[in-house]
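Here the structure comes first, spelled out in structure tokens, and everything after it is commentary.
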Amino acid sequence: MDIHIEGLVKTYQSEGRTVRALDGIDLHIPANQIFTLLGPSGCGKTTLLRCIVGLETPDDGEIRIGDQVVWSGRKRIAVPPEKRGLGMVFQTYAIWPHMNVFDNVAYPLQVRGVRRTIIREKVHRALQFVQLEGLENRAATRLSGGQQQRVALARALVAEPKVILFDEPLSNLDAKLREETRKLLRRFLTELKITAVYVTHDRVEALALSDSIAVLNGGHIIERGNPQKIYFNADHRFVADFIGRANLVAATIQDQAPDATIVQSPLGVLRCQKRDFPAGTPVTLCIRPEFLRLSRPDPHGRADSSGSMTDTKSSNVIEGRLETLDFVGEVYEAEVRVGDQLLLARVDPGVPVAAGDAVRFMLAPEHGLLVME
Ligand code: ATP
């Protein structure tokens, strides 16, 4: 089931002033997708989720779930939460501490008066899916955090909603369990063909889990797209910066080549990803640290202190000096001085360089992303 949101506005009164938590949101969430609302704290993610589920009353706009209008200011429609047919999984596990695993999961079916044999079968299937079979009689309080969250997932699933809303459901789990549960979640949402609206401020979670991501800021949707589009091809500086670590450098469009856009920048003249900006346009050049590829160190140790490019202009070489080199596990993280700029780069272990060395980085034009300010 898909979700249509049009012109949604929600304000709060707080300490004598009006906070516009949602400032005219237009959004289509396609059926059977994992759709993530991503953005910094306070951008309006939870408010949007709560408006969809019916726990907040918007000021204006319309929300449609499938063919049903569940809220409309103009049409004076407000379907109560329990009649919207949605499941919800919160950050806190919200399972009943006085019940065992079976009764927790069975609860939504019991309140609907479903027959006992059917309940048993459905609970068994849901527990199998979240890999908790065999723990039916365990008291909910005697489960680990990850297991409790999986009970909450099974309870949301057993009711077989067409849409499940998730509000940072993994944020209380440790890193390893978070990753495991994320994979499990992706598998079962995809297999069961459920529309999932997922709120997080964790960019890795958003990239790994989602079919589509909408990035919010200040009550607006800044940009939406699949994870690859958002990571590699963002249209906005805010999005490029928020979704991953990035070197952001002010640049000016110099020329257009058939397959690249050429910019002037403090790193030199560089061929970048093709973008349709006229010559003279000020832009931000965004280079992710992993795309600065270290080529052989200069055997003569040369790299002038201004970092300006030499005869290598056309081959997209950036020359600088390594200021720091930190081992962070699978790679070294390097800070590279190029004139006034300090760039973050990743260097493979085993490459014989040290702080103070002159270095050269290659930049493939497709990894020089140009975004508007
Ligand atoms: P977080 O990631 O921190 O949970 P969020 O993106 O989910 O943030 P919201 O909780 O939707 O953000 O809040 C959006 C804005 O509305 C914030 O400025 C917040 O302070 C404000 N807000 C939210 N709920 C209320 C409320 N009940 N009363 C007043 N202001 C509120």
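Note that ligands are numbered from 1 as they come in the structure, with each ligand's atoms numbered from 1 the same way. Note that the structure is predicted; figures quoted are calculated from it, not measured. Positions are given from 1, in the same order as the sequence printed here.
A heavy-atom distance below 4.5 Å is found between the side chains of L369 and R275.
Atom 18 (O) of ligand 1 has V19 CG1, 3.6 Å as its closest protein atom, hydrogens excluded (heavy atom only). Among protein heavy atoms, the minimum distance from atom 3 (O) of ligand 1 is reached at S41 OG, 2.5 Å. Atom 31 (C) of ligand 1 has its closest protein heavy atom at Y12 CD1, 3.3 Å. In terms of protein heavy-atom proximity, atom 2 (O) of ligand 1 is closest to K45 NZ, 2.8 Å.
Protein heavy atoms all stay at least 4.0 Å away from atom 20 (O) of ligand 1.
A parallel orientation is assigned to the rings of H28 and H4, their planes being inclined by less than 30° (bins at 30° and 60°). Taking the six-membered ring where the residue is Trp, Y198 and F166 present tilted rings, their angle falling between 30° and 60°.
Atoms of ligand 1 found under 4.0 Å from any heavy atom of A21, numbered from 1 in the order shown, are 14 (C), 15 (C), 16 (O).
Distances from atom 4 (O) of ligand 1 to the heavy atoms of T46, L48, T11 put T46 nearest. Among G39, S14, G42, P40, the residue whose heavy atom lies closest to atom 15 (C) of ligand 1 is G42.
L37 pairs in a side-chain contact (heavy atoms from CB on, under 4.5 Å) with only one of the listed residues (I213, L27, I25), which is L27. Under the side chain to side chain donor-acceptor pair (under 3.5 Å) rule, T11 has a single partner from T47, D59, D23, which is D59.
Side chain to side chain, T261 and Q256 meet the donor-acceptor criterion of an N or O pair below 3.5 Å.
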Before giving the answer on side chain to side chain donor-acceptor pair (under 3.5 Å), spell out for T18 and Q13 the whole-Å C-alpha distance, their side-chain angles and the decisive distance to 0.1 Å.
-> CA-CA 5 Å; T18 303; Q13 298 304 322; 3.1 Å; yes
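Of the heavy atoms in T47, both backbone and side-chain atoms come closer than 4.0 Å to ligand 1.
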